Peer 1: 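Dropping the structure in here first, questions after.
Starting from 1, each residue takes its place in the sequence as its number. Hydrogens, waters and symmetry mates play no part in the numbers below; they use all other heavy atoms, side chains included. What you see is a predicted model; the values in this text were computed from it and never measured.
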Amino acid sequence: MKPVSLVRHHVRPLLVGALLWLGAGAAALAAPASADIQRGEYLARLGDCVACHTAERGQPMAGGRALQTPFGTLYSTNITPDRTTGIGQYSFAQFDRAMRQGVAADGHNLYPAMPYPSYAKMTADDMQALYTYLMQGLKPVSQVNKPTDMRWPFSLRWGLSLWNWAFLDATPFTPDPKQDPVWNRGAYLVQGLGHCGACHTPRGIGFQEKAMTELGGKGKYFLAGETVESWRALSLRGLWTVDDTALFLKTGQNRFATASGSMAEVIHHSTQHVRDDDLRAIATYLKALPPGENELPAPSKPRAALTPHTPDTLYTSRGGLAYAQFCGDCHRADGGGVNRIFPPLAGNPTVSAKDPATLLHIILTGGQTAATAAHPRVFAMPGFARLSDQELAEILSFVRISWGHGAPAVSSGDVQRMRATLDPKTTDNSRFDTPRVADMLKQPNASQLVRGMRLHMETRDLLPRHVGNQLNCASCHLNAGTVADGSPFVGVSAFFPSYAPRAGRIISLEDRINGCFRRSMNGKPLPVDSADMKAMVAYFDWMKGATKPEDKVPGRGVGKIDRTLKADPVNGKQIYAQQCAVCHGDNGEGLKRADGRMIYPPLWGEQSFNIGAGMARTYTAAAFVKRNMPIGFHGKFPLGQGGLSDQEALDVAEYFSHQPRPDFPDKVKDWPKDKKPDDARY
């Protein structure tokens, strides 16, 4: 008979932070055959058994997942009913003892990484139903358990008997007669099957949870937050409103935060499948807990300091400028994020946490949102480890000072220590040479350069008489014009003035800028001698650096697409609906906030670009789409851009670029010298 080691979450936080994914889905669990099995399956969902007992790309519940602890590595065990390698020979009494006391069928002690101190609170009926499900509702899988790899003396299991004697309270949950049934149900689920304290309760000298309930002298520590494996599992005490917490557990998102890290996995496998009444019970109990000592969660209503607002230092500090360059396209200048897509920073408890571990971890490694029935599409954030420790410290300090409600700044030493903890497997430290807009502050004409950058990023707001639609320069030139193959500004001014065969004349940089005002933004030219035009040119000139006219600039333009491919607009319409509509609208109308301000630009209709620059030619538009869209498709640095194949990009470009939009009468003068390109859309 093989021992079982039902390993669980206290070696991993349930948090808002960065994401770990399992290849095996909970949907692979066997279908229930009776009411008892059905109830047991629901309890297994509540306990999130599949997450720990399924290795990446492994069979559900067959074990083999590595769980890192401060004392070595544990591997979850096979809890399918296989009689040789699983728990098929366990009697109910043996199973009950393992779940409540941490003692396997053969008598050896289990490591408390399996949260048996929490499972001990289960009722006898629930324990029996769970046992029935595991024995009768799962298919047996023959898979031998991996031995633990714990350092001495922690490899000696006899010491676990002393740990149980000192710390284990195996008393089942007792309802509080002073509370209503909803509160008691929530307390039972949180303290027991949910084992929330395994990650969210501070640990004591023996690595034990300092409190298992809110009662007693140490009850103030229960769910008050803990840092585990370089992630911050936030305080759950007094968490948000009942509705907000229930929504977060069901969908992975609410108005304050988006789940990521291990919490995204928990939501994916467990809480999204929990009944609404149980979710409200959990949320009711958490809301009723008084604030703890260690960390306070987000308020029920956003405080003024935590609501979205554009900080005064966005364009006057190194951290603010770096944020505008690398973060603003997704999280927006005001920290408000994009509803249902990218999480807000304003009001986000991870931003305001005293311990910045989660922020440090996710900015170095990136992350993904939870896949739920409500939000099946996963959005990714790339890791930014290619930026220096000082740059990342400046960005995170700006974020925390701006929207963290007094959260302390982050130092380069903090980043360095986290990088050392995570390296070398989980971060990309290769060099990144793109110009840093924060360095403009060192220049004697810094105010002019910053104005030029802002005119590119806020064109419509700052130059309303010259923009006739909903576009900004940054609608196409991402990350302040620094993304390779996204028409970057890097080195561009070195090549102007230049002869343009299409126009049959010399084109200056000012001409090119005004061409965008006319052709893309359906507006009026900017006077060449105006201060704003000079600022835009100055920004281009700063981006030139040491580039000479004969140089080749890596990443200049939008790259190439396979010209032997033929466009299929019917398939392009399907791809648009699947990949593009979430940001650009079902009918190409763009994405707006509740106040009417545009987030992502329209792709057709009266407020879209007219002829456009690169968008005037199908293969050029396809090359831009391939290398830059959709944002958040995967974790590619620096923006998470790209992801479609040549054919997909060509098909969707053919579809959207031929939709109706404003005309550009001067198009008749486009090719006085050259032959009209085959892929020109007019």
Side-chain angles (χ1 to χ4, degrees), residues 310-335 384 387 391 394-395 398-399 402 432-464 466-467 470-484 486-494 496 509-510 512-517 520-521 523 526-528 530-547 553 555-556 597-601 613 628 631 638-639 641:
T310 301
D312 295 336
T313 56
L314 178 63
Y315 296 113
T316 61
S317 66
R318 287 187 56 85
L321 285 169
Y323 174 87
Q325 179 177 3
F326 293 112
C327 314
D329 283 340
C330 295
H331 297 289
R332 315 311 294 169
D334 63 359
F384 287 82
L387 303 186
E391 288 176 299
E394 289 167 352
I395 292 171
F398 168 79
V399 167
S402 300
F432 181 57
D433 292 325
T434 291
R436 310 296 209 268
V437 298
D439 290 339
M440 292 190 303
L441 295 178
K442 302 175 184 177
Q443 303 302 311
N445 64 332
S447 60
Q448 183 187 44
L449 294 175
V450 171
R451 175 69 178 178
M453 173 189 170
R454 292 188 63 181
L455 288 167
H456 285 94
M457 300 183 73
E458 306 170 82
T459 322
R460 186 175 184 275
D461 289 341
L462 298 180
L463 298 171
H466 298 276
V467 178
Q470 293 288 340
L471 269 68
N472 300 299
C473 299
S475 298
C476 294
H477 305 280
L478 308 175
N479 275 7
T482 63
V483 173
S487 289
F489 301 150
V490 182
V492 165
S493 72
F496 284 93
L509 184 54
E510 291 84 353
R512 187 67 185 85
I513 292 171
N514 276 332
C516 282
F517 277 110
S520 293
M521 291 182 277
L526 195 61
V528 173
S530 66
D532 283 336
M533 176 62 84
K534 291 178 180 178
M536 296 184 84
V537 171
Y539 182 59
F540 275 111
D541 283 341
W542 179 79
M543 281 280 186
K544 176 176 66 176
T547 305
V553 178
R556 184 186 176 200
R597 299 195 64 176
M598 190 65 68
I599 301 173
Y600 295 123
N628 297 283
I631 293 175
L639 190 65
Q641 72 272 20

Peer 1: Identify the two heavy atoms, one from Phe398 and one from Ser317, that lie closest to each other, and give their separation to 0.1 Å.
Peer 2: CD1-OG, 4.0 Å

Peer 1: How close do Ala494 and Thr547 get, heavy atom to heavy atom, and via which atoms?
Peer 2: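 Minimum heavy-atom separation between Ala494 and Thr547: CB-O, 3.5 Å.
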
Peer 1: Charged N to carboxylate O under 4.0 angstrom, Arg436 versus Asp439?
Peer 2: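 Between Asp439 and Arg436 there is no salt bridge, as every charged N stays at least 4.0 Å from the carboxylate O atoms.
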
Peer 1: Might you point out which heavy atoms bring Thr482 and Pro435 nearest each other, and give the distance in Å?
Peer 2: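 Thr482 and Pro435 have their closest heavy atoms at CG2-O, 4.1 Å.
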
Peer 1: Any heavy-atom pair between the side chains of Val492 and Met543 that's under 4.5 Å?
Peer 2: no

Peer 1: Just by distance, do the side chain of Gln325 and the backbone of Val437 share a donor-acceptor pair under 3.5 Å?
Peer 2: yes

Peer 1: Are any non-hydrogen side-chain atoms of Met536 and Leu526 less than 4.5 angstrom apart?
Peer 2: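 Side chain of Met536 against side chain of Leu526, heavy atoms only: contact under 4.5 Å found.
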
Peer 1: Restricting to non-hydrogen atoms, name the atom on Arg451 and the atom on Ala535 that form the minimum distance, rounded to 0.1 Å.
Peer 2: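 In terms of heavy atoms, the two residues are closest at CG-CB, 3.9 Å.
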
Peer 1: Any donor-acceptor pair under 3.5 Å linking the side chain of Tyr600 with the backbone of Ser475?
Peer 2: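 No.
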
Peer 1: Give the C-alpha distance, both sets of side-chain angles, the deciding distance and a yes or no for side-chain contact (heavy atoms from CB on, under 4.5 Å) between Phe540 and Arg512.
Peer 2: CA-CA 12 Å; Phe540 275 111; Arg512 187 67 185 85; over 6 Å; no

Peer 1: Could you tell me whether a side-chain N or O of Arg318 sits under 3.5 Å from a main-chain N or O of Leu441, the two making a donor and an acceptor?
Peer 2: no

Peer 1: Where do Glu458 and Tyr315 come nearest, in terms of heavy atoms and distance?
Peer 2: OE2-OH, 3.2 Å

Peer 1: Atom CD of Glu510 and atom OG of Ser530: how far apart are they, to the nearest 0.5 Å?
Peer 2: 9.5 Å

Peer 1: Can a donor-acceptor pair be found, under 3.5 Å and without considering hydrogens, that links the side chain of Ser493 to the backbone of Lys544?
Peer 2: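 No, Ser493 side chain to Lys544 backbone: no donor-acceptor pair under 3.5 Å.
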
Peer 1: Hey, what do you get for CG (Asp312) to OG (Ser402), rounding to the nearest 0.5 Å?
Peer 2: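 That separation rounds to 9.0 Å.
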
Peer 1: First locate atom CG of Leu478, then atom SG of Cys473, and finally report the distance between them rounded to the nearest 0.5 Å.
Peer 2: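 Separation between the atoms: 12.0 Å.
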
Peer 1: For Asn479, does its backbone N or O pair with a side-chain atom of Asp329 as donor and acceptor, under 3.5 Å?
Peer 2: yes

Peer 1: Locate the shortest heavy-atom distance separating Pro488 from Ala484; write the atom from each residue and the value.
Peer 2: CG-CA, 4.4 Å

Peer 1: Under a 4.5 Å cut-off applied to non-hydrogen side-chain atoms, are Phe384 and Glu391 in contact?
Peer 2: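 They are not in side-chain contact.
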
Peer 1: Answer whether the closest heavy-atom distance between the side chains of Gln470 and Pro601 falls below 4.5 Å.
Peer 2: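 Counting from C-beta outward, Gln470 and Pro601 never come under 4.5 Å.
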
Peer 1: Sequence neighbours excluded, which residues qualify as side-chain contact (heavy atoms from CB on, under 4.5 Å) partners of Arg556?
Peer 2: Phe495, Val553

Peer 1: Quick check: do Leu455 and Tyr539 have side-chain heavy atoms less than 4.5 Å from each other?
Peer 2: no

Peer 1: With a 4.5 Å limit on heavy-atom distance, are the side chains of Leu321 and Met453 in contact?
Peer 2: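 Leu321 vs Met453: side chains touch.
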
Peer 1: Please check if the side chain of Thr459 supplies one atom and the backbone of His456 the other of a donor-acceptor pair under 3.5 Å.
Peer 2: yes

